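Contents: one structure, followed by commentary.
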Amino acid sequence: MSTLTVKAFGAESTTADLKEMTIERRATTPKDVEIEILYCGVCHSDLHTARNDWGGSLYPVVPGHEIVGRITSVGSEVSKFKVGDLAAVGCMVDSCGHCDSCKEDLEQYCLNGFTGTYNGKDKHLGGHTFGGYSQKVVVDDHFVLSVPENLDLAAVAPLLCAGITTWSPLRHWNVGPNSKVAVVGLGGLGHMAIKLAKGLGADVTLFSRTPGKTEDANQLGADHVVISTDDSQMDTVKGKFDLIIDTVPYEHDINPYMQTLTLNGTLVLVGFVGEFSETEVSTRPMIFQRRSVAGSLIGGIAETQELLDFCGKHNIVSDIELIKMQDINQAYERMIKSDVKYRFVIDMQSL
């Protein structure tokens, strides 16, 4: 298969800083779309993969799965895109296409495993996939998304991960104008959960450990802020919420939040990946009020397109800080300290 060489930014090892390098992309096949990358969002998963925090990282790692750009080439069998169109790519670039999950447009739950935009198995060139910290990407047209022309392109990028990660549970649990939704954690995921839940017409509450985020939450659209460390405030919201979206990315005690769910309410975890090894989860509030604890992973391609169309209609984008590609290592250090409101996005023209 013929290839093209493009500039990229990646890490050569677990301890290495990201630096400029070159990678090979496949030339456009009949079902492919080639995209010049204009902006790429920065996700915690990028950092974790670059530093092998979860194990299994394949080097060199070129992160980036919040990709927005403009189409520069399409294959002969591609009909829904043309050269010059705005396009986006999220966390997946392939799946088996024939399992029950894929047939239901739930490629993120592919029973044979989806192919990640980076660190996945590259069935075309062998080796592993490279992400959006690069000049171009070539992707099967099924996994390419249309971007509304009216939106700020840089601020669209985080919708491809932070946005869809919170949109998918909102849609699955049928959030609408009569819903009461709470969000735990005000970061990249949490701020999108507030915006999207509000956009769907829900009454939205932020759970915060400290009062310092009240003004920010209100500006994002939250109707209420409850200090989760204040027992008296927590008492006022017992049995209130139909859905709680928990975006906290580290192990924490979810028991206090369970008491605030309605009958049949659900707390869905979208931030923490791992085991609650130090905190026991009580089944009492679940059994006696038929409450649930669930998890949710990004969203399928159809659902992600639905999100982008919804955001285009309601003018919803992420709050971002635009950086140059060369500043990515400093951005990672700041991200560890939660020193960003609320998502870094790379201006890929700097590469």
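By convention here, the first residue in the shown sequence is residue 1. Worth saying up front: this structure is predicted, and the values here are computed from it rather than measured. All values below come from the heavy atoms of this structure, side chains included, with hydrogens, waters and symmetry mates left out.
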Side-chain donor-acceptor contacts of residues 189-206 below 3.5 Å, not counting sequence neighbours, with atom names and distances?
unit_1: His191; atom_1: ND1; unit_2: Gly187; atom_2: O; d: 3.2
unit_1: His191; atom_1: ND1; unit_2: Gly188; atom_2: O; d: 2.9
unit_1: His191; atom_1: NE2; unit_2: Ser318; atom_2: OG; d: 3.1
unit_1: His191; atom_1: NE2; unit_2: Asp319; atom_2: N; d: 3.0
unit_1: Lys195; atom_1: NZ; unit_2: Val317; atom_2: O; d: 2.8
unit_1: Lys195; atom_1: NZ; unit_2: Asp319; atom_2: OD1; d: 2.6
unit_1: Lys198; atom_1: NZ; unit_2: Asp223; atom_2: OD1; d: 2.7
unit_1: Lys198; atom_1: NZ; unit_2: Asp223; atom_2: OD2; d: 3.0
unit_1: Asp203; atom_1: OD1; unit_2: His224; atom_2: NE2; d: 3.2
unit_1: Asp203; atom_1: OD2; unit_2: His224; atom_2: NE2; d: 3.2

Geometric class of the [Y]/[X] ring pair [parallel <30°, tilted 30-60°, perpendicular >60°]:
X	Y	value
Trp54	His48	tilted
Tyr257	Phe207	tilted
His252	Tyr250	perpendicular

Quiz item: So do Met234 and Pro256 actually touch side chain to side chain, heavy atoms under 4.5 Å?
Solution: yes
Quiz item: So do Asp140 and Asp94 actually touch side chain to side chain, heavy atoms under 4.5 Å?
Solution: no
Quiz item: How long is the gap from CD1 on Ile328 to CD on Glu333, to the nearest 0.5 Å?
Solution: 11.0 Å
Quiz item: Taking atom OG of Ser296 and atom CH2 of Trp173, what is their separation to the nearest 0.5 Å?
Solution: 5.5 Å
Does any N or O in the side chain of [X] come within less than 3.5 Å of the main-chain N or O of [Y], such that one atom is a donor and the other an acceptor?
X	Y	answer
Gln108	Gly300	yes
Gln135	Leu351	no
Glu251	Ser277	yes

Practice problem: Would you indicate whether Glu77, at its atom CD, is surrounded by more than 12 heavy atoms from other residues, nucleotides or ligands within a distance under 6.0 Å? | Solution: yes
Exercise. Taking atom NZ of Lys80 as the centre, report whether more than 12 heavy atoms of other residues, nucleotides or ligands fall under 6.0 Å from it.
Key: yes
Quiz item: Can you find a side-chain donor-acceptor pair between Glu303 and Ser168 that sits under 3.5 Å?
Solution: yes
Quiz item: Do Val248 and Leu186 belong together in a cluster built from hydrophobic side chains that touch within less than 4.5 Å?
Solution: no
Quiz item: Val42 and Asp46: which non-hydrogen atoms are nearest, and at how many Å?
Solution: CA-OD2, 3.6 Å
Practice problem: Considering non-hydrogen atoms only, spot the tightest contact between Asn178 and Asp242 and give its length. | Solution: O-OD2, 4.2 Å
Quiz item: Looking at residues at least two apart in the chain, or sitting in another chain, which of them share a side chain to side chain donor-acceptor pair (under 3.5 Å) with His128?
Solution: none
